[in-house]
Number of protein chains: 2
Amino acid sequence: MHSNPSVAPAGEGTLEDKLSRGNVFAVGCPARAILTNVTSRWGVLVLIALRGGTLRYSQIRRKIGGVSEKMLAQTLQSLEADGFVRRVSMPVVPPHVEYSLTPMGEEISQLVQGLTDWIETNLSGVFAARSAAAA
Amino acid sequence: MHSNPSVAPAGEGTLEDKLSRGNVFAVGCPARAILTNVTSRWGVLVLIALRGGTLRYSQIRRKIGGVSEKMLAQTLQSLEADGFVRRVSMPVVPPHVEYSLTPMGEEISQLVQGLTDWIETNLSGVFAARSAAAA
DNA sequence: CGGGATCCGTTACGATACTG
DNA sequence: CAGTATCGTAACGGATCCCG
């Protein structure tokens, strides 16, 4: 019996609930937390990295430059908790753990990829703006 | 959030440059910095808030719940430096400053909006995943 | 009204060492 | 190999005061 925020019974819910539901601008909006995870520094890169298919922990770490073990583990955990990443652990020695995108993860990673794609193709525009600002 | 002083526009091509250009996974990729600004906690919300049209500083602050003066000013400055936000200051008393999206800002804000829209419509799915993870 | 300057607590982050 | 534990640093973020 998990709470389902999208189907709220009529006559139920506090004023604050009504204000924050479906409103990212509200302080308590639950979408903000998810957004924070997805758009976090390493979250973005992990989501994109896994678009190519299943990867092992060390493979992700090697693929993403500059990420520490701690942050990678932490990022993977939050993404897994939100249902964007699937973690499969093989009980063997040495340990073998595989990470992949869930269907939900595929969807959102596409949007994130769109963002990074736009930035990469418009890098020159941004730099032009910076130069103009400096002048 | 932080200036990026050492960015060579064009001309030389070191090995590291070639590796990092067009590769978000590389440590020195300039797209990472922009991505960080755009996907920052308040950057996302500012970009969406301005989609409705020009707003004044205090209006943005009121619209976005929980943002402090400091962070809002800081966020607006980095977005302006990157060419996503236009700042128009009217030299009157009391001061009157208007913020709006540039054409580039419009484009990227659309992508950001797509992200938040997806999250809002799929909130239930994420919560279901969280419940499953907790069990 | 729009911020800049300052102070200060909280968190994020990274490097290293260690364990199953 | 895949993490966790611990620690130190740096950046983030908020509150307050103040000035143009």
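The sequence lines fix the lettering, A, B, ..., with proteins before strands; numbering per chain opens at 1. Keep in mind the model is a prediction, meaning the values are calculated, not measured.
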Q. B/Thr54: what forms a side chain to side chain contact (heavy atoms under 4.5 Å, CB included) with it, not counting sequence neighbours?
A. B/Glu98, B/Ser100
Q: Please list, chain by chain and in numerical order, all residues satisfying side chain to side chain contact (heavy atoms under 4.5 Å, CB included) with B/Gln59, sequence neighbours excluded.
A: B/Leu55, B/Arg56, B/Arg62
Q) Just one of A/Asn37, A/Ile108, A/Leu111 clears the side chain to side chain contact (heavy atoms under 4.5 Å, CB included) bar with A/Leu47, so which one? A) A/Ile108
Polar atom pairs (N or O), protein with nucleotides 8-13 of chain C, under 3.5 Å:
residue : atom : partner : partner atom : Å
C/dC13  : N4   : A/Lys70 : NZ           : 2.9

What I'd like to find out is whether the side chain of [X] reaches to under 4.5 Å of the side chain of [Y], using heavy atoms alone.
{"X": "B/Arg86", "Y": "B/Pro103", "value": "yes"}
{"X": "A/Val67", "Y": "A/Leu45", "value": "no"}
{"X": "A/Leu76", "Y": "A/Arg87", "value": "no"}

Q | Any A/Gln77 side-chain N or O less than 4.0 Å from OP1/OP2 of D/dT4 | A |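 Affirmative; the distance criterion is met.
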(Q) Quick one: does any side-chain atom of A/Arg32 pair with a main-chain N or O of A/Val24 as donor and acceptor, under 3.5 Å? (A)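 Indeed, once roles are kept as given, a pair shorter than 3.5 Å links the two residues.
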Q) Between A/Tyr57 (side chain) and A/Tyr99 (backbone), is there a donor-acceptor pair under 3.5 Å? A)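 The answer is no, because no donor-acceptor pair under 3.5 Å joins these two groups.
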Q: Calculate, to the nearest 0.5 Å, the distance between atoms OG and CH2 belonging to B/Ser68 and B/Trp42 respectively.
A: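 Nearest 0.5 Å value for the OG-CH2 distance: 7.5 Å.
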Q: Report the distance from atom CD of B/Glu69 to atom P of D/dT16, rounded to the nearest whole Å.
A: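 So the CD-P distance, B/Glu69 to D/dT16, works out to 11 Å.
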(Q) What is the distance, to the nearest angstrom, from the CG atom on B/Leu72 to the P atom on C/dC1? (A)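 Between P of C/dC1 and CG of B/Leu72: 15 Å.
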(Q) Just to be sure I understand the geometry, which residues of residues 90-101 of chain B put a non-hydrogen atom under 4.0 Å away from DNA chain C? (A)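 Per residue number, the list reads B/Pro94, B/Pro95, B/Val97, B/Tyr99.
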Q | Strand contacts (DNA chain C) in residues 54-64 of chain B, 4.0 angstrom heavy-atom criterion | A | B/Arg56, B/Tyr57, B/Ser58
Q: With sequence neighbours left out, write down each residue that passes side-chain hydrogen bond (donor to acceptor under 3.5 Å, both in side chains) with A/Thr75, or none if nothing qualifies.
A: none
